[in-house]
Undergrad: 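What follows is a single structure, and I will ask about it in a moment.
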Amino acid sequence: MKFLVYSLLALLGTICHVEASKCTDCIASGKHWCVTVNECGFSPCVTSISKALNCPELPDKAHAYDDAFVRSKILVTTAAAFNNNPQKCFKNSMPTMTLSKTFSVNCSEVGPQTNCFGFTSFDTAQKVVVMSFRGTQGATQLTEEILDFFTGKKPFFNDAGHIFTYFYDAFFFLWNGGLSQDIRNLKYKYPDYELWVTGHSLGGAIASIAASYVVHTGLYTGDNVKLVTMGQPRTGDYDYAVWHDKTFPYSFRIVHHKDIVPHIPPQYGKDELFHHRTEVWYNNNMTTTDPYKVCAEADGLYCSNRQLDSYPPDHLTYFDINMPDWGSQGCPKN
């Protein structure tokens with residue numbers, strides 16, 4: 001049975017790759033790809049693709065999404081960022097993981113002080129180093145983020161597009177607040193360890209930038225990084241998404257049902273913000289038996305973007321757990 005499942009997944013991946021190639025070539029020629037009939041330039045077309053990143057493509061088998069891995073490992077490292085002492089979470093739910101350092105900085109250039117928080121940790125049993133970042137805390141920080149929607153974006157190096165201003169600044173406040181020195185020390189001490197980068201909400205956006213930064217600067221290689229975020233808002237523009245998808249074979253954005261945050265800032269507008277791959281959409285309560293969809297488009301009209309309404313509690317609850325509450329309580333085992 002397991003062999004049959006793997007065979008079907010491999011076949012589906014091959015089909016998606018072939019369709020993606022046709023779709024990409026079509027868009028490069030200046031036409032649209034008609035999803036309805038899988039033809040280039042077909043008109044009239046009910047559903048069409050005009051962005052190459054939305055051409056259907058799934059991760060290869062070696063970098064496939066694993067629900068069990070995320071529930072047992074990534075959920076803990078993500079929730080731990082909601083505790084001022086993440087080691088409490090590790091003691092209860094991942095005892096082989098050891099906290100290295102925490103970083104708490106003011107991440108607002110103007111206006112009321114708002115806090116950004118992250119940590120680093122390492123695990124000599126699993127041979128991993130972790131960077132994890134906390135989500136938005138309180139109405140003041142949320143207001144700052146929303147107001148910054150109107151301040152544009154900043155360039156991310158010369159070849160990797162642009163990043164939404166608030167997220168860009170938040171990352172560099174943390175990076176210059178001690179994260180840079182500690183992650184370099186951990187890399188020196190554990191040069192062959194895999195790097196996991198995680199975060200929820202605002203923390204997901206910072207995680208995306210953090211993973212991108214340590215790879216672009218040569219500290220890590222993209223194939224030795226696992227980036228997994230939950231409820232991540234749109235972080236950069238289309239060019240940033242293109243660079244990201246060429247760089248990271250293992251990158252997943254998890255979206256819970258009617259969570260509104262992954263749909264802000266708006267995709268279309270003067271800044272043209274765009275999600276990178278790969279969305280995993282749980283159109284349910286995310287219990288252990290609930291199904292999920294690994295989305296073939298980066299930021300198209302399928303998966304969670306087709307959800308017309310929102311439900312605020314879905315942003316706080318991932319994998320049937322209230323993330324901020326569980327993390328602040330020390331990630332107790334059920």
Side-chain angles (χ1 to χ4, degrees), residues 59-60 62-66 69-70 73-74 76-78 80-81 86 90 94 96-103 116-134 154-163 167-168 170-200 203-230 232 235-236 239-254 275-278:
D60 58 44
H63 302 97
Y65 180 75
D66 184 346
F69 166 72
V70 173
K73 309 292 184 181
I74 299 300
V76 177
T77 60
T78 305
F90 302 148
M94 196 185 295
T96 58
M97 187 70 69
T98 301
L99 176 68
S100 179
K101 286 190 177 181
T102 60
F103 312 95
C116 286
F117 180 90
F119 71 83
T120 51
S121 61
F122 60 93
D123 189 321
T124 57
Q126 300 184 84
K127 297 187 183 304
V128 298
V129 168
V130 173
M131 290 194 293
S132 185
F133 303 94
R134 183 180 293 173
K154 293 184 176 180
F156 189 62
F157 296 95
N158 294 323
D159 61 344
H162 295 74
I163 292 172
F167 303 148
Y168 180 99
F171 165 70
F172 277 104
F173 282 131
L174 284 163
W175 185 253
N176 296 324
L179 175 60
S180 171
Q181 180 179 349
D182 195 59
I183 196 66
R184 293 178 190 278
N185 288 342
L186 289 171
K187 177 62 175 177
Y188 178 80
K189 191 172 182 179
Y190 306 109
D192 299 323
Y193 279 22
E194 189 172 64
L195 177 66
W196 297 352
V197 191
T198 67
H200 169 259
I206 298 175
S208 172
I209 301 167
S212 299
Y213 190 81
V214 297
V215 169
H216 204 296
T217 55
L219 191 59
Y220 283 86
T221 59
D223 59 1
N224 204 32
V225 174
K226 281 186 168 71
L227 171 64
V228 184
T229 67
M230 302 177 194
Q232 177 189 336
T235 303
D239 290 337
Y240 172 68
V242 169
W243 177 86
H244 180 100
D245 290 355
K246 289 179 179 177
T247 304
F248 294 97
Y250 191 105
S251 174
F252 293 101
R253 296 182 299 101
I254 302 171
H275 271 308
H276 53 68
R277 297 184 189 270
T278 296

Undergrad: With a 3.5 Å distance limit and no angle check, can you tell me whether Arg277 reaches the backbone of Ser251 through a side-chain donor-acceptor pair?
TA: no
Undergrad: Would you list the pairs meeting salt bridge (Lys or Arg N to Asp or Glu O under 4.0 Å) in which at least one residue belongs to residues 208-223, sequence neighbours left out?
TA: none
Undergrad: Should the pair His216 and Phe156 be assigned to parallel (<30°), tilted (30 to 60°) or perpendicular (>60°) ring geometry?
TA: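 Rings of His216 and Phe156: perpendicular, as their planes differ by over 60°.
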Undergrad: Kindly state whether the ring of Phe133 and the ring of Phe171 have centres lying under 6.0 angstrom apart.
TA: no
Undergrad: Is the shortest heavy-atom distance from the side chain of Phe117 to the side chain of Thr102 under 4.5 Å?
TA: yes
Undergrad: Going by distance alone, is a donor N or O of one side chain under 3.5 Å from an acceptor N or O of the other, for Lys73 and Gln126?
TA: yes
Undergrad: Residues in side-chain contact (heavy atoms from CB on, under 4.5 Å) with Asp60, at least two apart?
TA: Ala62, His63
Undergrad: Verify the ring-centre separation between Phe90 and Phe119: is it less than 6.0 angstrom?
TA: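 Yes - the distance between ring centres of Phe119 and Phe90 falls below the 6.0 Å cut-off.
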Undergrad: With a 6.0 Å cut-off on the ring centroids, do Phe122 and Tyr193 count as close?
TA: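 Between Phe122 and Tyr193, the centre distance exceeds or equals 6.0 Å.
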Undergrad: State the CD-OH distance between Glu194 and Tyr220, to the nearest 0.5 angstrom.
TA: 10.0 Å
Undergrad: Where do Ser121 and Met97 come nearest, in terms of heavy atoms and distance?
TA: OG-SD, 3.3 Å
Undergrad: Could you name each residue pair satisfying salt bridge (Lys or Arg N to Asp or Glu O under 4.0 Å) that touches residues 175-184, not counting sequence neighbours?
TA: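 Not a single pair qualifies under salt bridge (Lys or Arg N to Asp or Glu O under 4.0 Å).
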Undergrad: For Thr221 versus Val215, what's the shortest heavy-atom pair and its separation?
TA: C-CG2, 4.0 Å
Undergrad: How about Met131 and Val214: do any of their side-chain heavy atoms sit closer than 4.5 Å?
TA: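 With C-beta onward as the side chain, the pair touches.
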Undergrad: May I ask you to decide if Thr77's main-chain N or O and Ser132's side chain share a donor-acceptor pair within less than 3.5 Å?
TA: yes
Undergrad: Looking at Asp123, Val130, Leu227, Val129, which one forms a side-chain contact (heavy atoms from CB on, under 4.5 Å) with Trp196?
TA: Val130
Undergrad: Nearest 0.5 Å, please: how far is CD1 in Ile254 from OG1 in Thr198?
TA: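 One finds 10.0 Å between OG1 of Thr198 and CD1 of Ile254.
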